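Both counts, for ligands and for their atoms, begin at 1 and track the order of listing. Sequential numbering from 1 along the given sequence is applied to the chain's residues. Predicted, not measured: the structure shown is a model, and the values here were computed from it.
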Amino acid sequence: MVKTAVLVSGGGTNLQAIIDARIFGEIKNCDLVAVVSSNPEAYALERAKYASIPSYVVDRSVFPNRLSFTKALLEKLLDLEIELVVYAGFNFILGPQFINAFKNKIINIHPSLIPSFCGPGFYGLKVHEAVLSYGVKVTGATAHFATEEADDGPIILQKAVEIFEDDTPLTLQRRVMEEAEWKILPEAISLFCEHRLEVEERVVRIKGVQDE
Ligand code: GAR
């Protein structure tokens with residue numbers, strides 16, 4: 001079983017999707033040992049409690065800079081002997097110490113089809129506001145390995161979602177979550193934990209069960 005920590009900062013609906021998918025047997029070989037929040041008020045912490053998953057707070061606001069925050073998080077995850085890190089609505093970019101310790105072992109979910117509508121400043125509702133103002137007809141979500149750059153790194157899974165004429169940022173956010181994020185994030189975690197992901201430069205190959 002792959003020892004997994006989910007990092008959160010807010011509501012935690014993606015964390016809930018992971019918890020539910022595990023209950024339904026849709027994530028294989030994954031031991032969800034920790035939820036770590038950068039925000040002591042995050043509702044995600046309640047979700048962890050209801051699911052009896054140990055939770056920890058590494059409060060970003062008490063650290064003077066990115067380096068000290070990165071070091072504290074790294075120490076916590078190394079203590080817990082974590083093998084897979086999942087950013088599920090985690091709002092921070094961590095420094096190279098963290099990324100190097102978990103190279104191609106951090107999965108992020110982003111609510112657009114990368115490389116569109118991503119990077120610094122594109123998070124949460126802001127992504128959907130930008131999508132609607134640009135007037136694209138299709139958006140979606142991307143599960144990818146995280147690097148030191150925002151929403152960069154090899155893409156594992158993507159799923160497209162149609163945009164309707166009467167969409168608001170809120171209706172679009174909800175549909176992208178329901179139709180894309182809550183599906184591809186658990187699926188990407190399962191593929192990782194089943195050792196079915198192979199990374200070559202930017203490209204991720206998904207090995208079939210028969211390839212093993
Ligand atoms: C989700 O839509 C997630 O994809 C997005 O923030 C939301 C968090 O919701 N993440 C980003 O925009 C990262 N660039 P949640 O806390 O309910 O899972």
For F122, counting its heavy atoms only, list the atoms of ligand 1 lying under 4.0 Å from any of them.
-> 14 (N)
So, T4 side chain and V2 main chain: donor-acceptor pair closer than 3.5 Å or not?
-> yes
Counting heavy atoms only, which part of N108 comes closer than 4.0 Å to ligand 1: side chain, backbone, both or neither?
-> neither
What is the closest protein heavy atom to atom 13 (C) of ligand 1, and at what distance does it sit?
-> H110 ND1, 3.8 Å
Please report which non-hydrogen protein atom sits nearest to atom 4 (O) of ligand 1, along with the residue it belongs to and the distance in Å to one decimal place.
-> E181 OE1, 2.7 Å
Can you pull out the closest protein heavy atom to atom 12 (O) of ligand 1? Residue, atom name and distance to 0.1 Å, please.
-> G124 N, 2.9 Å
Side-chain donor/acceptor of R22 to backbone N/O of P186, under 3.5 Å = no
What's the shortest distance from atom 5 (C) of ligand 1 to any protein heavy atom, and which residue and atom give it?
-> P111 CD, 3.8 Å
Among all protein heavy atoms, pick the one closest to atom 16 (O) of ligand 1 and tell me residue, atom and distance.
-> G12 N, 2.8 Å
Which of these, I99, N108, I107, sits in a side chain to side chain contact (heavy atoms under 4.5 Å, CB included) with F145?
-> I107
For the residue pair Y87 and F90, categorise the inter-ring angle as parallel (less than 30°), tilted (30 to 60°) or perpendicular (more than 60°).
-> tilted
Has the side chain of T139 got a donor or acceptor atom that lies under 3.5 Å from a matching backbone atom of S112?
-> no
Test of proximity, D151 against ligand 1: N or O pairs below 3.5 Å = yes
With atoms numbered from 1 as shown, which atoms in ligand 1 lie under 4.0 angstrom from a non-hydrogen atom of M177?
-> 1 (C), 2 (O), 9 (O), 17 (O)
Is the backbone of K207 close enough, under 3.5 Å, to the side chain of R196 for a donor and an acceptor to pair up by distance?
-> yes
How many angstroms lie between atom OG1 of T171 and atom CZ of F164, to the nearest 0.5 angstrom?
-> 9.0 Å
Should you measure from each heavy atom of Y123, which atoms of ligand 1 turn up under 4.0 Å away?
-> 12 (O)
For G89, take its heavy atoms, then give the atoms of ligand 1 lying under 4.0 Å from any of them.
-> 8 (C)
The single option from R175, R174, Q173 that satisfies side-chain hydrogen bond (donor to acceptor under 3.5 Å, both in side chains) with D167 is R175
